[in-house]
2 protein chains.
Amino acid sequence: MMIDWSRLSRDYPILDGLPATLRERVVERSVTAGERLALQGETPTGMYFVLAGEVRLLRRSSSGRETVMQRVQEGFVAEASLDAPCYHCDLIAGASGKVLVFPRCDFEAALTESREFNQAWIVHLSGELRRARSRNERLACPTAAERIRHAILTEGDGRGLVVGSTRKEWAAELGLTHEALYRALRRLRETGAIHEDGGWIEWLAD
Amino acid sequence: MMIDWSRLSRDYPILDGLPATLRERVVERSVTAGERLALQGETPTGMYFVLAGEVRLLRRSSSGRETVMQRVQEGFVAEASLDAPCYHCDLIAGASGKVLVFPRCDFEAALTESREFNQAWIVHLSGELRRARSRNERLACPTAAERIRHAILTEGDGRGLVVGSTRKEWAAELGLTHEALYRALRRLRETGAIHEDGGWIEWLAD
DNA sequence: ACCACCGAGTGATCCAGATCATATGAAATT
DNA sequence: AATTTCATATGATCTGGATCACTCGGTGGT
């Protein structure tokens, strides 16, 4: 089955600059919910690009805690693994779908050979870094309401955002229990600070 | 005054691959504690490398909260600003010292011209991204003790770490009030979970 | 069609951390 | 030398979130 590069290039500028040599080496793969693409400690052999479904980058600490470090419905996952001798996290499919797998050595070769691709990758990494730092800021907020406000205002378009996951998963991402999230959302709704409509949440007051 | 490139290259591999053209354009600058190197919203004009003292990347939210996103005693600060139209954070000197300023356009040019430097920059960005994600994980820990444990085990060498800042600043970095940190540290000390010796903190029990 | 599972949502209780207050000693400023 | 400032440290109190417990409704599997 052929990969629709024209659509992908349109939606993902970074794939537009993909060298032809790398494009030839990529393989499409189906993943089923719960499937483990990679485990903590393994040597990365490829770079994954999620086309459909969901892939999560999650870390299991020795104390048993599980933290989702990244959750991707479309785009690259575990970008920083490229320069790591082994995965620091597990790569788990959260929902069935499709991924592109770029062989690691070909990906690295493409980065050294193509200026354009290289540039695009730096921009991509920088963006991810900003996003991760933004999430740090969010998690440093002491109250649930502040974390919710931060999420709405810094993700999304400034007015509101579409939460692309279940409330329960969103709660974990915000470093809250689901109960705390439900209650905080209700309080904010009742005081008129937010407006909820399905997955869409808008920040009104301040 | 001349810059001691041989020492810098030894200590910072990334500077080793620095193209000569960029090396010629860099300027050394003294900063005094509290000095603002850049403010949120400004267009980045240079990339900063801290030689001595401390520079902080901090974000002021509209609610008045201040969060330190990055704290650098030696190394690059605000790496992700290179690909941003404007700073998302302030750059403030936390302690007097010296910084190298690489003019933005020259830095960008060097990245496109030098493969070696480019590669090193990608490695650097990936490392920062992993560090930021690790901090995400830490801040998602619900208790002070768990955050402390995480910090000790993931920063530092695995047994312990040297906290390179005041307790108060460390508390903020851990998303805690300083009171909560002092109390948690005392509890851990009294139960024999950690051993403190000045700036050195070691994790003993589990 | 049935059952098991899971997310949504709420109540009750408890505890950890935020907040406020205050003391002390060291360092920086005058 | 005197004064201000700030980090360290601890106590008292309060509150927000964790935890436990439960209901309800949808959905996927058998």
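Because only heavy atoms are used, hydrogens play no part in the values below, and waters and symmetry mates are left out as well, while side chains stay in.
Side-chain contact, Trp200(B) with Glu202(B): a donor N or O sits under 3.5 Å from an acceptor N or O.
Rounding to whole angstrom units, NZ of residue Lys168(A) and C1' of dT19(D) are separated by 14 Å. Spacing between atom CD of Glu190(B) and atom C1' of dT10(D) amounts to 12 Å, rounded to whole angstrom units. For the pair Leu176(B) CG and dG17(D) C1', the interatomic distance rounds to 14 Å; values are reported in whole Å. Following rounding to the nearest Å, Arg147(A) (CZ) and dA18(D) (C1') show an atom-to-atom distance of 12 Å. What separates CD of Glu169(B) from C1' of dC6(D) is a distance of 11 Å, to the nearest Å.
Residues Phe107(A) and Tyr48(A) keep their aromatic ring centres 6.0 Å or farther apart.
The NE2 atom of His150(B) sits 9.0 Å away from atom CD of Glu155(B), with the distance rounded to the nearest 0.5 Å.
Closest to the Thr143(B) side chain, of the nucleotides dT8(D), dG17(C), dG17(D), is dG17(C). Closest to the Ala144(B) side chain, of the nucleotides dA7(D), dG17(C), dA18(D), is dG17(C). Of the candidates dA18(C), dA8(C), dG17(C), dA18(C) carries the atom nearest the Pro142(A) side chain, counting heavy atoms from C-beta on.
Between Phe102(B) and Phe76(B), the two ring planes are tilted [angle within 30° to 60°].
Sorted by residue number, the members of residues 177-189 of chain A with any non-hydrogen atom under 4.0 Å from DNA chain D read Thr177(A), Glu179(A), Ala180(A), Arg183(A), Arg187(A).
Within 6.0 Å of atom CZ in Arg189(B), more than 12 heavy atoms from other residues, nucleotides or ligands are found, so the atom counts as buried in its surroundings.
When each of Arg138(B), Arg131(B), Arg130(B) is tested with Ser134(B) by the rule side-chain contact (heavy atoms from CB on, under 4.5 Å), just one qualifies, namely Arg138(B).
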(request) Can you check each nucleotide of nucleotides 23-30 of chain C against protein heavy atoms at under 4.0 Å and return B for base, S for sugar-phosphate only, - for none, in 5' to 3' order? (result) --------
